[in-house]
Amino acid sequence: QVQLIESGGGLVQAGGSLRLSCAASGRTFSSRAMGWFRQASGKEREFVAGIAWSNGPTNYADSVKGRFTISRDNAKNTVYLQMNSLKPDDTAVYFCARHRRAWTTTDLTEYDYWGQGTQVTVSS
């Protein structure tokens, strides 16, 4: 059984920064791609960023390119999402997820385990 636990969410002003963390249990963490998704109130869950098993390559949604950075520490079974220059449109519940394979994709159906989510609220 795999468990993913996100932390680091909160309330921040526009232009500010937050770093989300996702701690994973289980021995397969280092062999699988990981992703971050978000879901705003009344909207569908959307892909934010993904990282392959080896701490690279990465891919990002166009809306966060240049502002967000995904990284991972396989020794700590943890994946991170550094979020800079935050905007009110970034307000959402953020979820980390484990991919079924080593290479990341944007399709949420290809992720088999999900965390419970952490709320990020950006005020204007």
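For this chain, numbers begin at 1 and follow the sequence in order.
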**Student:** Does one hydrophobic cluster hold both Tyr113 and Val79, with members joined at side-chain heavy-atom distances below 4.5 Å?
**Tutor:** yes
**Student:** What's the separation between atom OG1 in Thr106 and atom CD in Glu46, rounded to the nearest 0.5 Å?
**Tutor:**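 Result: 11.0 Å between the selected atoms.
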**Student:** How long is the straight-line distance from OH of Tyr111 back to CZ of Phe47, given to the nearest 0.5 Å?
**Tutor:**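 Taking CZ in Phe47 and OH in Tyr111, the distance rounds to 5.0 Å.
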**Student:** More than 12 foreign heavy atoms under 6.0 Å from CD of Gln116: is that the case here?
**Tutor:** yes
**Student:** What is the minimum heavy-atom distance between Leu18 and Leu86, and which atoms define it?
**Tutor:**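 That closest heavy-atom pairing would be N-CD1, 3.9 Å.
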**Student:** Please confirm whether the backbone N or O of Ala52 pairs with a side-chain atom of Thr104, one donor and one acceptor, at under 3.5 Å?
**Tutor:** no
**Student:** Taking atom CE of Met34 and atom CD1 of Ile51, what is their separation to the nearest 0.5 Å?
**Tutor:** 10.0 Å
**Student:** Start with the C-alpha distance between Arg38 and Ser63, add both sets of side-chain angles, then the distance that settles side-chain contact (heavy atoms from CB on, under 4.5 Å), and finish with yes or no.
**Tutor:** CA-CA 12 Å; Arg38 67 187 180 186; Ser63 59; 3.4 Å; yes
**Student:** Evaluate His99 against Trp53 for side-chain contact (heavy atoms from CB on, under 4.5 Å), listing each step before the verdict.
**Tutor:** CA-CA 9 Å; His99 201 281; Trp53 69 278; over 6 Å; no
**Student:** Counting only N and O atoms by type, is there a donor-acceptor contact under 3.5 Å from the side chain of Asn74 to the main-chain atoms of Phe29?
**Tutor:**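 No: the side chain of Asn74 does not pair with the backbone of Phe29.
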**Student:** Less than 4.5 Å apart, side chain to side chain, heavy atoms only: is that true for Pro57 and Trp103?
**Tutor:**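 Yes, at least one pair of side-chain atoms sits under 4.5 Å.
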**Student:** As an exercise, state the distance from SG of Cys22 to CG of Asn77, rounded to the nearest 0.5 Å.
**Tutor:** 10.0 Å
**Student:** Is the side chain of Gln39 donor-acceptor paired with the backbone N or O of Ala92 at a distance under 3.5 Å, no angle test?
**Tutor:**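 Absent.
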**Student:** Main chain of Gly117, side chain of Glu6: is a donor-acceptor contact present, judged purely on distance under 3.5 Å?
**Tutor:** yes
**Student:** May I ask you to check whether Trp114 and Phe37 place their ring centres under 6.0 Å from each other?
**Tutor:**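 Yes, the ring of Phe37 comes within the 6.0 Å limit of the ring of Trp114, centre to centre.
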**Student:** Please check this pair: side chain of Arg98 against backbone of Leu4, looking for a donor-acceptor N/O pair closer than 3.5 Å.
**Tutor:**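 Judged by distance alone, no pair lies under 3.5 Å.
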**Student:** Keeping the roles fixed (side chain from Asn84, backbone from Thr69), state whether a donor-acceptor pair exists under 3.5 Å.
**Tutor:**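 Not confirmed, Asn84 side chain does not pair with Thr69 backbone.
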**Student:** With rounding to the nearest 0.5 Å, note down the distance linking CZ in Arg101 to CZ in Arg32.
**Tutor:** 9.5 Å
**Student:** Rounded to the nearest 0.5 Å, how far does CZ of Arg72 lie from SG of Cys96?
**Tutor:**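 It is 11.0 Å, given to the nearest 0.5 Å.
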**Student:** Strictly by modelled atom types, are Asp107 and Thr105 linked by a side-chain donor-acceptor pair under 3.5 Å?
**Tutor:**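 There is no such pair between these side chains.
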**Student:** So, Lys65 and Asp62, do they make that salt bridge, N to O below 4.0 Å?
**Tutor:**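 Salt bridge flag = yes for Asp62 with Lys65.
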**Student:** Going by heavy atoms in the side chains, are Asp90 and Met83 under 4.5 Å from each other?
**Tutor:** no
